[in-house]
Each structure stands twice: as structure tokens, then as C-alpha cells.
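Below is one structure, written out as C-alpha cells; comments come after it.
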Amino acid sequence: QVQLVESGGGLVQAGDSLTLSCVDSRRTSSNNGMGWFRQAPGKEREFVATISRTGDNKIYADSVKGRFTISRDNVKNTLYLRMDNLKPEDTAVYYCATNLYSTAATSSRTYRYWGRGTQVTVSS
């Protein structure tokens, strides 16, 4: 079973940067697309970014396009999310997930394995 562990969250000010990491400790996600989702208090979980197995296809939510960058290192079994120019509305728990397929995917319904999340708080 895939075990995903996120890290890198924290409390930052608006305009700052953070890089989140997600390690697949079972080393089973290298053949799958992966993604980042987030959930703010009182809101539903929403798509943030996704990347295909090979990394050649990336899709971003409009709200983070141009500010966030998703990447992966299949040798290290690690998924990353570089977040620049953070805004208070980016405050949420960020989750990484493994897709059932090798493609990038924006719907949470195609993701089978999820991490427990890491908190990102952006103050104004």
C-alpha cells in the first residue's frame, strides 16, 4: 500500500515562498500521475496541481497558475510543490495524492492514495 507523507508547511507572510514535499515511502508511485490538493477551513477540498508519471504534463488550477510549480523526482520517490508569492487565500491543508493512472488528472475521484496533509498558513 502506498504511504505518502507531506512536509514543508508552515506559517509565512504574504509574498513569501514555501516548497512542499511528499515522499512515497513504499516507492510505488513512480508509475503514476500525482497531484496536490488543498482544503481550507469550511471549504471543500480543491485541486491545486497535477503531474504525469514522466513529468512532461502539468496542469494547474487557475488560482495558482504562474505562482506554483509542481515537480517530481522518481528516483527519490518525491513530489514537490514550489509555492511563490503566497497569498492569505492560499491558507489550507495541502495534500498529495497518487493517481490511479499514469496521466495528470484534476479530479480527486481518480486519486486512490492520499497523504495526511501539511498545514500552510499565510498571514497578510
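Everything numeric in this text was worked out from a predicted model, so none of it was measured. Hydrogens, waters and symmetry mates are skipped; everything else that's a heavy atom, side chains included, is used. Numbers here are sequence positions counted from 1.
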Taking ring pair (Phe, Tyr, Trp, His ring centres under 6.0 Å) as the test, write out the residues that go with Phe47, two or more places apart.
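Counting only residues at least two positions away or on another chain, Phe47 forms a ring pair (Phe, Tyr, Trp, His ring centres under 6.0 Å) with Phe37.
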With sequence neighbours excluded, residues passing side chain to side chain contact (heavy atoms under 4.5 Å, CB included) with [X]:
X	answer
Thr121	Leu11, Thr91, Gln119
Ser63	Arg38, Ala61
Gln39	Arg45, Tyr95
Arg72	Met34, Ile51, Asn74, Leu79

Kindly give the heavy-atom pair with the smallest separation between [X] and [Y], and that separation in Å.
X	Y	answer
Ala49	Tyr60	CB-CD2, 3.7 Å
Tyr80	Asp73	CE1-CB, 4.1 Å
Tyr111	Ala105	OH-O, 2.6 Å
Ser124	Ala14	CA-CB, 4.3 Å
Thr118	Gly9	OG1-N, 3.2 Å

Contacts of type salt bridge (charged side-chain N to carboxylate O under 4.0 Å, His left out), residue [X], not counting sequence neighbours:
X	value
Lys65	Asp62
Glu89	none
Asp84	Arg82

With the side chain counted from C-beta on, respond yes when [X] and [Y] share a heavy-atom pair under 4.5 Å apart, and no when they do not.
X	Y	result
Phe68	Ile70	no
Gln3	Tyr113	no
Leu81	Thr19	no

Audit row: Asp24, Thr98, side chain to side chain contact (heavy atoms under 4.5 Å, CB included) steps and yes/no
CA-CA 9 Å; Asp24 172 10; Thr98 299; 5.6 Å; no
Val23 and Val48: same hydrophobic cluster, using ILVMFWY side-chain contacts below 4.5 Å?
no
Is there a path from Leu20 to Val12 through hydrophobic residues (I, L, V, M, F, W, Y) whose side chains come within less than 4.5 Å of each other?
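Shared cluster, yes.
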Polar side-chain atom of Arg53 near backbone of Gly33 as donor-acceptor pair, under 3.5 Å
no
In the hydrophobic clustering that connects Ile, Leu, Val, Met, Phe, Trp and Tyr at side-chain heavy-atom distances below 4.5 Å, which members other than Tyr101 occupy its cluster, ordered by chain and number?
Leu100
Filter on disulfide bond (SG atoms under 2.5 Å apart), then keep only pairs touching residues 25-110, sequence neighbours left out; what's left?
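Checked against disulfide bond (SG atoms under 2.5 Å apart) - neighbours excluded - the pairs reaching residues 25-110 are Cys22-Cys96.
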Using the disulfide bond (SG atoms under 2.5 Å apart) rule, collect all pairs that involve residues 45-82, keeping only residues at least two apart or in two chains.
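As it turns out, there is no disulfide bond (SG atoms under 2.5 Å apart) pair with a partner in residues 45-82 once direct neighbours are skipped.
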Can you tell me if NZ on Lys58 sees more than 12 non-hydrogen neighbours from other groups inside 6.0 Å?
yes
Quick one: OG on Ser21 to CG on Leu4, what's the gap to the nearest 0.5 Å?
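The distance works out to 12.5 Å.
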Spatial distance of atom CG (Asn32) from atom OG (Ser102) [nearest 0.5 Å]
7.5 Å
Under the salt bridge (charged side-chain N to carboxylate O under 4.0 Å, His left out) rule, what pairs show up with a residue in residues 106-124, not counting sequence neighbours?
none
Out of the candidates Thr110, Asn99, Ile59, Thr103, only one should pair with Thr50 under the side chain to side chain contact (heavy atoms under 4.5 Å, CB included) rule; please name it.
Ile59
